2 protein chains.
Amino acid sequence: MSGPLHRRIYADLERRILSGDWAPGQRIPFEHELTAAYGCSRMTVNKAISELAGRGLVTRRRRAGTFVAQPKAHAAVLAIPDLRAEVVERGQAYGYRLLERRERDAATEEESDLARDGRLLDLACLHSADGAPLALERRLIALSAAPEADRVDFGVTPPGSWLLDQAPWTEAENRIAAVEAESAEARLLGLKTGAACLRVERRTWRDGQGVTRVWQTFPGDRYDLIARFSSRGDRR
Amino acid sequence: MSGPLHRRIYADLERRILSGDWAPGQRIPFEHELTAAYGCSRMTVNKAISELAGRGLVTRRRRAGTFVAQPKAHAAVLAIPDLRAEVVERGQAYGYRLLERRERDAATEEESDLARDGRLLDLACLHSADGAPLALERRLIALSAAPEADRVDFGVTPPGSWLLDQAPWTEAENRIAAVEAESAEARLLGLKTGAACLRVERRTWRDGQGVTRVWQTFPGDRYDLIARFSSRGDRR
DNA sequence: CAGTGGTCTAGACCACTCA
DNA sequence: GAGTGGTCTAGACCACTGG
(Lines give C-alpha, C1' and ligand atoms only; values in the text may rest on other atoms or scores of the structure.)
Protein backbone atom coordinates (compact mmCIF):
# COMPACT_ATOMS: atom_id res chain seq x y z
CA MET A 1 0.00 0.00 0.00
CA SER A 2 1.45 3.32 -1.03
CA GLY A 3 0.34 6.85 -1.75
CA PRO A 4 -0.53 9.69 0.59
CA LEU A 5 -0.87 8.82 4.22
CA HIS A 6 -4.48 10.02 4.48
CA ARG A 7 -5.30 7.72 1.56
CA ARG A 8 -3.70 4.73 3.26
CA ILE A 9 -5.56 5.47 6.45
CA TYR A 10 -8.78 5.80 4.47
CA ALA A 11 -8.21 2.45 2.75
CA ASP A 12 -7.32 0.83 6.04
CA LEU A 13 -10.47 2.01 7.79
CA GLU A 14 -12.64 1.26 4.77
CA ARG A 15 -11.35 -2.30 4.65
CA ARG A 16 -12.27 -2.92 8.27
CA ILE A 17 -15.75 -1.58 7.65
CA LEU A 18 -16.42 -3.38 4.38
CA SER A 19 -15.05 -6.63 5.73
CA GLY A 20 -17.48 -6.41 8.63
CA ASP A 21 -14.58 -6.32 11.06
CA TRP A 22 -16.23 -3.18 12.37
CA ALA A 23 -19.98 -3.74 12.43
CA PRO A 24 -22.63 -1.16 11.58
CA GLY A 25 -23.41 1.06 14.56
CA GLN A 26 -20.07 0.36 16.16
CA ARG A 27 -17.96 3.31 17.23
CA ILE A 28 -14.61 3.52 15.55
CA PRO A 29 -11.55 4.83 17.42
CA PHE A 30 -11.51 8.54 18.25
CA GLU A 31 -9.43 10.80 16.10
CA HIS A 32 -6.85 11.25 18.82
CA GLU A 33 -6.51 7.48 19.11
CA LEU A 34 -6.00 7.09 15.38
CA THR A 35 -3.51 9.94 15.53
CA ALA A 36 -1.51 7.89 17.98
CA ALA A 37 -2.00 4.65 16.07
CA TYR A 38 -0.76 6.02 12.76
CA GLY A 39 1.74 8.41 14.25
CA CYS A 40 0.50 11.42 12.37
CA SER A 41 -1.29 14.68 13.04
CA ARG A 42 -4.97 14.99 13.66
CA MET A 43 -5.56 16.83 10.37
CA THR A 44 -4.40 13.81 8.43
CA VAL A 45 -6.64 11.40 10.31
CA ASN A 46 -9.49 13.91 10.00
CA LYS A 47 -9.10 14.06 6.23
CA ALA A 48 -9.35 10.29 5.94
CA ILE A 49 -12.44 10.11 8.15
CA SER A 50 -14.07 13.04 6.40
CA GLU A 51 -13.70 11.13 3.15
CA LEU A 52 -15.37 8.10 4.74
CA ALA A 53 -18.18 10.33 6.01
CA GLY A 54 -18.59 11.91 2.59
CA ARG A 55 -19.06 8.49 1.06
CA GLY A 56 -21.56 7.59 3.73
CA LEU A 57 -19.58 4.79 5.33
CA VAL A 58 -19.54 6.47 8.72
CA THR A 59 -21.52 9.10 10.55
CA ARG A 60 -19.95 11.55 12.95
CA ARG A 61 -21.43 12.92 16.13
CA ARG A 62 -19.79 15.52 18.31
CA ARG A 63 -19.00 14.46 21.79
CA ALA A 64 -20.02 10.90 20.94
CA GLY A 65 -17.59 9.86 18.25
CA THR A 66 -17.62 8.36 14.77
CA PHE A 67 -19.76 5.35 13.99
CA VAL A 68 -19.99 2.82 11.18
CA ALA A 69 -23.10 3.70 9.19
CA GLN A 70 -26.01 1.35 8.79
CA PRO A 71 -26.02 -0.14 5.29
CA LYS A 72 -28.65 1.67 3.31
CA ALA A 73 -32.03 0.01 3.01
CA HIS A 74 -32.39 1.15 -0.57
CA ALA A 75 -29.99 -1.38 -1.98
CA ALA A 76 -29.75 -1.10 -5.69
CA VAL A 77 -28.12 -3.26 -8.23
CA LEU A 78 -27.09 -2.48 -11.71
CA ALA A 79 -25.40 -5.65 -12.72
CA ILE A 80 -21.84 -5.13 -13.78
CA PRO A 81 -22.39 -6.36 -17.30
CA ASP A 82 -20.48 -9.42 -18.27
CA LEU A 83 -21.08 -9.17 -21.98
CA ARG A 84 -20.19 -12.77 -22.74
CA ALA A 85 -22.59 -14.11 -20.16
CA GLU A 86 -25.35 -11.82 -21.37
CA VAL A 87 -24.99 -12.77 -24.99
CA VAL A 88 -24.86 -16.47 -24.19
CA GLU A 89 -27.91 -16.15 -21.98
CA ARG A 90 -29.84 -14.67 -24.86
CA GLY A 91 -28.95 -17.74 -26.89
CA GLN A 92 -26.72 -15.87 -29.29
CA ALA A 93 -23.25 -16.75 -30.44
CA TYR A 94 -20.69 -14.68 -28.59
CA GLY A 95 -17.74 -13.39 -30.54
CA TYR A 96 -14.64 -11.66 -29.26
CA ARG A 97 -11.58 -10.11 -30.80
CA LEU A 98 -8.59 -8.49 -29.14
CA LEU A 99 -7.57 -5.39 -31.05
CA GLU A 100 -4.65 -4.16 -28.99
CA ARG A 101 -2.64 -5.05 -25.94
CA ARG A 102 0.03 -2.94 -24.31
CA GLU A 103 1.70 -2.93 -20.96
CA ARG A 104 2.83 0.56 -20.00
CA ASP A 105 3.25 3.14 -17.30
CA ALA A 106 0.48 5.45 -16.19
CA ALA A 107 0.83 8.61 -18.26
CA THR A 108 -1.73 10.98 -16.79
CA GLU A 109 -2.75 11.92 -13.31
CA GLU A 110 -6.04 10.09 -13.71
CA GLU A 111 -4.20 6.94 -14.69
CA SER A 112 -1.88 7.26 -11.74
CA ASP A 113 -4.94 7.53 -9.59
CA LEU A 114 -5.98 4.13 -10.89
CA ALA A 115 -2.64 2.40 -10.53
CA ARG A 116 -0.53 3.49 -7.60
CA ASP A 117 2.63 1.77 -8.77
CA GLY A 118 2.05 3.06 -12.26
CA ARG A 119 1.95 -0.18 -14.26
CA LEU A 120 -1.07 -0.58 -16.49
CA LEU A 121 -2.40 -3.07 -18.95
CA ASP A 122 -4.04 -1.20 -21.79
CA LEU A 123 -6.44 -3.26 -23.90
CA ALA A 124 -8.84 -2.68 -26.75
CA CYS A 125 -11.30 -5.30 -27.92
CA LEU A 126 -14.51 -5.88 -29.78
CA HIS A 127 -17.49 -7.96 -28.63
CA SER A 128 -20.08 -9.32 -31.02
CA ALA A 129 -23.34 -11.26 -30.89
CA ASP A 130 -24.29 -13.58 -33.75
CA GLY A 131 -21.62 -11.94 -35.83
CA ALA A 132 -22.86 -8.38 -35.36
CA PRO A 133 -20.57 -5.99 -33.44
CA LEU A 134 -22.06 -5.31 -30.02
CA ALA A 135 -19.50 -3.26 -28.15
CA LEU A 136 -16.13 -1.66 -28.55
CA GLU A 137 -14.15 -1.80 -25.34
CA ARG A 138 -11.13 0.05 -24.14
CA ARG A 139 -9.83 -1.09 -20.79
CA LEU A 140 -7.11 -0.21 -18.34
CA ILE A 141 -6.15 -2.71 -15.67
CA ALA A 142 -4.04 -1.75 -12.67
CA LEU A 143 -1.40 -4.46 -12.48
CA SER A 144 -0.83 -3.71 -8.82
CA ALA A 145 -4.41 -4.80 -8.14
CA ALA A 146 -4.41 -7.76 -10.55
CA PRO A 147 -0.80 -8.83 -11.10
CA GLU A 148 -1.83 -12.14 -12.67
CA ALA A 149 -3.34 -10.21 -15.56
CA ASP A 150 -0.08 -9.96 -17.44
CA ARG A 151 0.06 -13.73 -17.83
CA VAL A 152 -3.49 -14.06 -19.14
CA ASP A 153 -4.11 -14.48 -22.84
CA PHE A 154 -6.71 -11.82 -23.47
CA GLY A 155 -6.79 -12.89 -27.08
CA VAL A 156 -9.02 -15.70 -25.84
CA THR A 157 -10.54 -14.53 -22.55
CA PRO A 158 -12.48 -11.26 -22.49
CA PRO A 159 -10.93 -9.11 -19.77
CA GLY A 160 -14.28 -8.27 -18.21
CA SER A 161 -15.15 -11.90 -17.62
CA TRP A 162 -11.72 -12.66 -16.27
CA LEU A 163 -11.69 -9.70 -13.89
CA LEU A 164 -15.12 -10.50 -12.58
CA ASP A 165 -13.76 -13.85 -11.41
CA GLN A 166 -10.30 -12.79 -10.33
CA ALA A 167 -10.63 -9.32 -8.91
CA PRO A 168 -13.87 -8.76 -7.03
CA TRP A 169 -14.79 -5.13 -6.57
CA THR A 170 -16.14 -3.40 -3.53
CA GLU A 171 -17.02 -0.12 -5.20
CA ALA A 172 -17.93 0.85 -8.72
CA GLU A 173 -18.90 3.99 -10.51
CA ASN A 174 -20.71 3.96 -13.81
CA ARG A 175 -20.94 6.97 -16.04
CA ILE A 176 -23.45 6.62 -18.82
CA ALA A 177 -23.68 8.98 -21.75
CA ALA A 178 -24.96 9.18 -25.29
CA VAL A 179 -22.29 10.00 -27.86
CA GLU A 180 -22.02 10.15 -31.60
CA ALA A 181 -19.76 7.49 -33.08
CA GLU A 182 -16.40 8.72 -34.31
CA SER A 183 -15.27 7.42 -37.66
CA ALA A 184 -12.93 4.73 -36.34
CA GLU A 185 -15.49 3.51 -33.84
CA ALA A 186 -18.22 3.57 -36.45
CA ARG A 187 -16.15 1.45 -38.82
CA LEU A 188 -15.46 -1.21 -36.19
CA LEU A 189 -19.07 -1.29 -35.06
CA GLY A 190 -20.50 -1.28 -38.59
CA LEU A 191 -22.26 2.06 -38.13
CA LYS A 192 -22.36 5.37 -39.90
CA THR A 193 -20.19 8.09 -38.44
CA GLY A 194 -22.27 10.13 -36.03
CA ALA A 195 -24.67 7.31 -35.16
CA ALA A 196 -25.98 7.47 -31.59
CA CYS A 197 -24.07 5.19 -29.22
CA LEU A 198 -24.31 4.43 -25.57
CA ARG A 199 -21.04 4.90 -23.74
CA VAL A 200 -20.55 3.31 -20.37
CA GLU A 201 -17.49 4.31 -18.42
CA ARG A 202 -16.94 2.18 -15.38
CA ARG A 203 -14.32 2.41 -12.66
CA THR A 204 -14.08 -0.20 -9.98
CA TRP A 205 -12.17 -0.29 -6.73
CA ARG A 206 -11.37 -2.96 -4.22
CA ASP A 207 -10.88 -1.61 -0.72
CA GLY A 208 -10.18 1.87 -2.01
CA GLN A 209 -7.60 0.65 -4.51
CA GLY A 210 -8.30 1.13 -8.20
CA VAL A 211 -8.73 -2.11 -10.14
CA THR A 212 -9.89 -1.28 -13.63
CA ARG A 213 -11.37 1.43 -15.75
CA VAL A 214 -13.27 0.65 -18.90
CA TRP A 215 -15.06 2.47 -21.68
CA GLN A 216 -17.61 0.46 -23.60
CA THR A 217 -19.34 1.87 -26.65
CA PHE A 218 -22.56 0.21 -27.79
CA PRO A 219 -24.54 0.88 -30.95
CA GLY A 220 -27.62 2.75 -29.72
CA ASP A 221 -29.96 0.62 -31.78
CA ARG A 222 -28.59 -2.69 -30.56
CA TYR A 223 -28.17 -2.29 -26.85
CA ASP A 224 -29.76 -0.75 -23.81
CA LEU A 225 -29.11 -0.95 -20.13
CA ILE A 226 -31.62 -2.05 -17.60
CA ALA A 227 -31.36 -1.21 -13.94
CA ARG A 228 -33.81 -2.53 -11.42
CA PHE A 229 -34.21 -1.12 -7.97
CA SER A 230 -36.27 -1.96 -5.01
CA SER A 231 -36.67 0.10 -1.91
CA ARG A 232 -36.96 -3.11 0.06
CA GLY A 233 -33.35 -3.95 -0.42
CA ASP A 234 -33.79 -7.21 -2.27
CA ARG A 235 -31.24 -7.95 -4.90
CA ARG A 236 -33.69 -9.55 -7.33
CA MET B 1 -23.83 33.76 3.77
CA SER B 2 -22.80 31.90 6.88
CA GLY B 3 -21.14 28.69 7.92
CA PRO B 4 -17.50 27.61 7.86
CA LEU B 5 -15.13 29.76 5.90
CA HIS B 6 -14.09 26.95 3.54
CA ARG B 7 -17.77 26.43 2.77
CA ARG B 8 -18.30 30.10 1.98
CA ILE B 9 -15.25 30.08 -0.25
CA TYR B 10 -16.54 26.98 -1.96
CA ALA B 11 -19.96 28.55 -2.54
CA ASP B 12 -18.35 31.72 -3.79
CA LEU B 13 -16.16 29.97 -6.33
CA GLU B 14 -18.96 27.63 -7.35
CA ARG B 15 -21.24 30.56 -8.04
CA ARG B 16 -18.69 32.21 -10.31
CA ILE B 17 -18.27 28.98 -12.22
CA LEU B 18 -21.93 28.06 -12.53
CA SER B 19 -22.89 31.60 -13.46
CA GLY B 20 -20.40 31.49 -16.30
CA ASP B 21 -18.47 34.36 -14.75
CA TRP B 22 -15.49 32.05 -15.00
CA ALA B 23 -15.75 30.20 -18.30
CA PRO B 24 -14.87 26.54 -18.85
CA GLY B 25 -11.18 26.11 -19.49
CA GLN B 26 -10.33 29.35 -17.72
CA ARG B 27 -7.75 29.29 -14.98
CA ILE B 28 -9.02 30.36 -11.60
CA PRO B 29 -6.80 32.31 -9.18
CA PHE B 30 -3.89 30.42 -7.62
CA GLU B 31 -4.27 29.19 -4.11
CA HIS B 32 -1.91 31.80 -2.75
CA GLU B 33 -3.96 34.52 -4.45
CA LEU B 34 -7.18 33.24 -2.92
CA THR B 35 -5.40 33.01 0.41
CA ALA B 36 -4.74 36.73 0.15
CA ALA B 37 -8.20 37.53 -1.18
CA TYR B 38 -10.01 35.77 1.63
CA GLY B 39 -7.46 36.54 4.27
CA CYS B 40 -7.09 32.95 5.41
CA SER B 41 -4.54 30.16 5.37
CA ARG B 42 -3.79 28.03 2.35
CA MET B 43 -5.27 24.90 3.96
CA THR B 44 -8.67 26.54 4.05
CA VAL B 45 -8.56 27.61 0.43
CA ASN B 46 -7.22 24.19 -0.49
CA LYS B 47 -10.12 22.47 1.20
CA ALA B 48 -12.63 24.53 -0.75
CA ILE B 49 -10.93 23.88 -4.07
CA SER B 50 -10.50 20.17 -3.32
CA GLU B 51 -14.24 20.01 -2.81
CA LEU B 52 -14.79 21.67 -6.17
CA ALA B 53 -12.38 19.21 -7.78
CA GLY B 54 -14.12 16.29 -6.10
CA ARG B 55 -17.40 17.38 -7.59
CA GLY B 56 -15.82 17.77 -10.98
CA LEU B 57 -16.26 21.53 -11.33
CA VAL B 58 -12.56 22.16 -11.70
CA THR B 59 -9.47 20.21 -12.67
CA ARG B 60 -6.12 20.84 -11.06
CA ARG B 61 -2.72 20.67 -12.68
CA ARG B 62 0.53 21.08 -10.86
CA ARG B 63 2.65 23.97 -11.94
CA ALA B 64 -0.17 25.14 -14.24
CA GLY B 65 -3.00 25.91 -11.85
CA THR B 66 -6.66 25.10 -11.38
CA PHE B 67 -9.06 25.31 -14.30
CA VAL B 68 -12.82 25.40 -14.70
CA ALA B 69 -13.92 22.01 -16.02
CA GLN B 70 -16.10 21.57 -19.07
CA PRO B 71 -19.62 21.44 -17.63
CA LYS B 72 -21.71 18.35 -17.87
CA ALA B 73 -24.87 17.65 -15.98
CA HIS B 74 -25.00 14.34 -14.24
CA ALA B 75 -27.18 12.38 -11.91
CA ALA B 76 -27.03 9.19 -10.00
CA VAL B 77 -29.10 6.45 -11.51
CA LEU B 78 -29.62 5.16 -8.03
CA ALA B 79 -31.69 8.07 -6.95
CA ILE B 80 -35.01 8.35 -8.71
CA PRO B 81 -34.00 11.50 -10.50
CA ASP B 82 -35.93 14.59 -9.56
CA LEU B 83 -34.77 16.95 -12.25
CA ARG B 84 -35.91 20.08 -10.51
CA ALA B 85 -34.00 19.24 -7.34
CA GLU B 86 -30.92 18.34 -9.34
CA VAL B 87 -30.88 21.54 -11.31
CA VAL B 88 -31.47 23.66 -8.25
CA GLU B 89 -28.72 21.86 -6.38
CA ARG B 90 -26.30 22.77 -9.12
CA GLY B 91 -27.24 26.39 -8.60
CA GLN B 92 -28.89 26.70 -11.98
CA ALA B 93 -32.26 28.23 -12.73
CA TYR B 94 -34.81 25.50 -13.22
CA GLY B 95 -37.36 25.99 -15.96
CA TYR B 96 -40.42 23.90 -16.70
CA ARG B 97 -43.13 23.95 -19.31
CA LEU B 98 -46.13 21.67 -19.70
CA LEU B 99 -46.63 20.81 -23.34
CA GLU B 100 -49.64 18.55 -23.19
CA ARG B 101 -52.09 17.08 -20.71
CA ARG B 102 -54.75 14.50 -21.41
CA GLU B 103 -56.79 12.15 -19.30
CA ARG B 104 -57.72 9.02 -21.18
CA ASP B 105 -58.24 5.27 -21.10
CA ALA B 106 -55.44 2.80 -21.52
CA ALA B 107 -55.22 1.98 -25.19
CA THR B 108 -52.66 -0.79 -25.42
CA GLU B 109 -51.94 -3.92 -23.45
CA GLU B 110 -48.87 -2.35 -21.94
CA GLU B 111 -50.85 0.63 -20.75
CA SER B 112 -53.48 -1.61 -19.20
CA ASP B 113 -50.66 -3.32 -17.41
CA LEU B 114 -49.76 0.00 -15.84
CA ALA B 115 -53.27 1.12 -14.87
CA ARG B 116 -55.51 -1.56 -13.54
CA ASP B 117 -58.76 0.39 -13.89
CA GLY B 118 -57.67 1.79 -17.21
CA ARG B 119 -57.62 5.53 -16.46
CA LEU B 120 -54.42 7.33 -17.33
CA LEU B 121 -53.03 10.82 -17.16
CA ASP B 122 -50.87 11.44 -20.22
CA LEU B 123 -48.42 14.33 -19.94
CA ALA B 124 -45.65 15.87 -21.98
CA CYS B 125 -43.31 18.52 -20.63
CA LEU B 126 -39.94 20.15 -21.05
CA HIS B 127 -37.33 20.77 -18.37
CA SER B 128 -34.61 23.35 -18.72
CA ALA B 129 -31.58 24.56 -16.78
CA ASP B 130 -30.50 28.18 -17.07
CA GLY B 131 -32.75 28.49 -20.09
CA ALA B 132 -31.20 25.60 -22.01
CA PRO B 133 -33.48 22.61 -22.65
CA LEU B 134 -32.36 19.71 -20.46
CA ALA B 135 -34.95 17.02 -20.94
CA LEU B 136 -38.08 16.25 -22.84
CA GLU B 137 -40.46 14.17 -20.78
CA ARG B 138 -43.46 12.07 -21.66
CA ARG B 139 -45.24 10.56 -18.69
CA LEU B 140 -48.14 8.28 -17.96
CA ILE B 141 -49.64 8.25 -14.49
CA ALA B 142 -51.99 5.51 -13.33
CA LEU B 143 -54.90 7.35 -11.73
CA SER B 144 -55.79 4.28 -9.72
CA ALA B 145 -52.46 4.55 -7.95
CA ALA B 146 -52.45 8.34 -7.61
CA PRO B 147 -56.06 9.55 -7.80
CA GLU B 148 -55.16 13.01 -6.51
CA ALA B 149 -53.16 13.59 -9.66
CA ASP B 150 -56.14 14.78 -11.67
CA ARG B 151 -56.57 17.77 -9.39
CA VAL B 152 -52.93 18.84 -9.57
CA ASP B 153 -51.91 21.72 -11.81
CA PHE B 154 -49.00 20.17 -13.68
CA GLY B 155 -48.58 23.45 -15.49
CA VAL B 156 -46.78 24.58 -12.36
CA THR B 157 -45.58 21.46 -10.58
CA PRO B 158 -43.37 19.03 -12.50
CA PRO B 159 -45.02 15.62 -12.27
CA GLY B 160 -41.82 13.88 -11.22
CA SER B 161 -41.39 16.09 -8.16
CA TRP B 162 -45.03 15.73 -7.22
CA LEU B 163 -45.04 11.97 -7.54
CA LEU B 164 -41.89 11.61 -5.51
CA ASP B 165 -43.72 13.23 -2.61
CA GLN B 166 -47.14 11.75 -3.12
CA ALA B 167 -46.65 8.26 -4.44
CA PRO B 168 -43.60 6.54 -3.01
CA TRP B 169 -42.34 3.65 -5.06
CA THR B 170 -41.19 0.29 -3.89
CA GLU B 171 -39.80 -0.96 -7.17
CA ALA B 172 -38.43 0.74 -10.22
CA GLU B 173 -36.96 -0.25 -13.53
CA ASN B 174 -34.80 2.00 -15.60
CA ARG B 175 -34.07 1.35 -19.22
CA ILE B 176 -31.32 3.45 -20.66
CA ALA B 177 -30.60 3.80 -24.34
CA ALA B 178 -28.92 6.07 -26.85
CA VAL B 179 -31.21 7.35 -29.59
CA GLU B 180 -30.99 9.84 -32.41
CA ALA B 181 -33.25 12.84 -31.91
CA GLU B 182 -36.31 12.88 -34.11
CA SER B 183 -37.14 16.18 -35.74
CA ALA B 184 -39.84 17.23 -33.25
CA GLU B 185 -37.67 16.27 -30.28
CA ALA B 186 -34.67 17.98 -31.77
CA ARG B 187 -36.60 21.19 -32.27
CA LEU B 188 -37.82 21.26 -28.67
CA LEU B 189 -34.38 20.43 -27.29
CA GLY B 190 -32.54 22.83 -29.55
CA LEU B 191 -30.58 20.10 -31.31
CA LYS B 192 -29.99 18.98 -34.85
CA THR B 193 -32.13 16.10 -36.05
CA GLY B 194 -30.19 12.89 -35.46
CA ALA B 195 -28.11 14.22 -32.55
CA ALA B 196 -27.25 11.59 -29.96
CA CYS B 197 -29.58 11.65 -26.96
CA LEU B 198 -29.82 9.64 -23.80
CA ARG B 199 -33.24 8.16 -23.29
CA VAL B 200 -34.24 6.94 -19.87
CA GLU B 201 -37.43 4.98 -19.58
CA ARG B 202 -38.53 4.37 -16.05
CA ARG B 203 -41.40 2.41 -14.65
CA THR B 204 -42.20 2.43 -10.97
CA TRP B 205 -44.46 0.26 -8.88
CA ARG B 206 -45.79 0.42 -5.37
CA ASP B 207 -46.48 -2.98 -3.92
CA GLY B 208 -46.75 -4.55 -7.33
CA GLN B 209 -49.17 -1.93 -8.62
CA GLY B 210 -48.02 0.29 -11.49
CA VAL B 211 -47.68 3.95 -10.58
CA THR B 212 -46.04 5.75 -13.46
CA ARG B 213 -44.08 5.27 -16.61
CA VAL B 214 -41.89 7.96 -18.02
CA TRP B 215 -39.63 8.56 -20.98
CA GLN B 216 -37.03 11.28 -20.59
CA THR B 217 -34.82 12.35 -23.47
CA PHE B 218 -31.63 14.24 -22.67
CA PRO B 219 -29.22 15.90 -25.08
CA GLY B 220 -26.16 13.63 -25.11
CA ASP B 221 -23.75 16.50 -24.79
CA ARG B 222 -25.48 18.06 -21.80
CA TYR B 223 -26.30 15.17 -19.53
CA ASP B 224 -24.91 11.92 -18.30
CA LEU B 225 -25.87 9.47 -15.63
CA ILE B 226 -23.67 8.41 -12.79
CA ALA B 227 -24.23 5.41 -10.62
CA ARG B 228 -22.09 4.47 -7.68
CA PHE B 229 -22.17 1.10 -6.06
CA SER B 230 -20.55 -0.65 -3.25
CA SER B 231 -20.82 -4.37 -2.71
CA ARG B 232 -22.11 -3.50 0.71
CA GLY B 233 -25.09 -1.60 -0.59
CA ASP B 234 -25.45 1.64 -2.43
CA ARG B 235 -23.75 4.75 -1.22
CA ARG B 236 -24.67 8.37 -1.76
C1' DC C 1 -19.29 20.61 31.61
C1' DA C 2 -15.94 17.79 29.62
C1' DG C 3 -14.62 15.80 25.46
C1' DT C 4 -15.83 15.17 20.85
C1' DG C 5 -15.57 16.60 16.07
C1' DG C 6 -15.26 21.13 13.12
C1' DT C 7 -12.50 24.39 11.79
C1' DC C 8 -8.50 27.11 11.18
C1' DT C 9 -3.47 28.77 11.25
C1' DA C 10 1.25 29.54 9.73
C1' DG C 11 4.32 27.42 8.63
C1' DA C 12 7.01 23.23 5.95
C1' DC C 13 8.82 19.90 2.38
C1' DC C 14 7.97 17.47 -1.75
C1' DA C 15 6.74 15.94 -6.58
C1' DC C 16 5.67 17.29 -10.53
C1' DT C 17 5.48 20.01 -14.63
C1' DC C 18 5.53 23.69 -17.48
C1' DA C 19 8.16 27.53 -19.29
C1' DG D 1 14.67 25.91 -12.67
C1' DA D 2 10.76 27.98 -10.53
C1' DG D 3 6.24 27.82 -9.05
C1' DT D 4 2.30 25.06 -8.75
C1' DG D 5 -0.68 21.90 -6.14
C1' DG D 6 -0.26 17.73 -2.66
C1' DT D 7 0.56 16.74 1.63
C1' DC D 8 1.60 17.13 6.39
C1' DT D 9 2.51 19.19 11.16
C1' DA D 10 1.67 20.82 15.83
C1' DG D 11 -0.58 23.47 17.60
C1' DA D 12 -5.29 26.39 18.62
C1' DC D 13 -10.18 27.82 19.63
C1' DC D 14 -14.96 26.82 19.08
C1' DA D 15 -19.69 24.63 18.90
C1' DC D 16 -22.11 21.21 20.10
C1' DT D 17 -23.86 17.51 22.83
C1' DG D 18 -24.04 13.49 25.54
C1' DG D 19 -23.20 12.08 30.34
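Chain letters run A, B, ... following the sequence lines, proteins first, then strands; residues in each count from 1. In this text, all values refer to a predicted model and were calculated from it rather than measured experimentally. Any value given below was found using the heavy atoms of this structure, including those in side chains, with hydrogens, waters and symmetry copies removed.
- In this entry the distance linking CZ of B/R62 with P of D/dG1 reads 20 Å, nearest Å.
- Between A/D12 and A/R8 there is no salt bridge, since no side-chain N of the basic residue sits under 4.0 Å from a carboxylate O of the acidic one.
- Comparing atom distances between the B/R60 side chain and each of C/dG6, D/dA2, D/dG5 picks out D/dG5 as nearest.
- Residue B/R7 contributes atom CZ, which lies 12 Å from atom P of C/dC8 at whole-angstrom precision.
- Electrostatic pairing of B/R199 and B/E180 does not count as a salt bridge here, judged by no charged N lying under 4.0 Å from a carboxylate O.
- Looking at B/R42, its side chain comes within 3.5 Å of the base of D/dG6 through a donor and an acceptor atom.
- Residue order along DNA chain D, read from the 5' end via each residue's closest nucleotide, puts B/H32 first among B/H32 and A/T44.
- Between B/N46 atom CG and C/dA10 atom P there is a gap of 16 Å when expressed in whole angstrom units.
- Atom P of nucleotide D/dG5 and atom CG of B/L52 are separated by 13 Å, given to the nearest angstrom.
- Between C/dC18, C/dT7, C/dT9, one nucleotide has an atom nearer to the side chain of B/R63 than all others, and that is C/dC18.
- Contact annotation for B/S50: no contact, since no heavy-atom pair falls under 4.0 Å across all strands.
- Between B/Y96 and B/H127, the ring planes lie tilted relative to each other; the angle falls in the 30° to 60° range.
- Following rounding to the nearest Å, A/R61 (CZ) and C/dG6 (C1') show an atom-to-atom distance of 16 Å.
- Taking atom CZ of A/F67 as the reference point, atom P of C/dG5 lies 9 Å away to the nearest angstrom.
- Ranked by how close their nearest DNA chain D nucleotide is to the 5' end, A/M43 and A/A64 are led by A/M43.
- Among the heavy atoms of the strands lying under 4.0 Å from B/L5 are primed sugar atoms or P, OP1, OP2 only; no base atom is included.
- Between A/Y10 and A/L52 the shortest side-chain heavy-atom distance falls below 4.5 Å.
- Residue B/E51 contributes atom CD, which lies 11 Å from atom P of C/dT7 at whole-angstrom precision.
- The nearest whole Å value for the distance from the CZ atom in B/R27 to the P atom in C/dC18 is 14 Å.
- In the set D/dC8, C/dC8, C/dG6, D/dC8 carries the atom at the smallest distance from any side-chain atom of A/S41.
- In summary, A/R60 and A/E31 engage in a salt bridge, as defined by a charged side-chain N under 4.0 Å from a carboxylate O.
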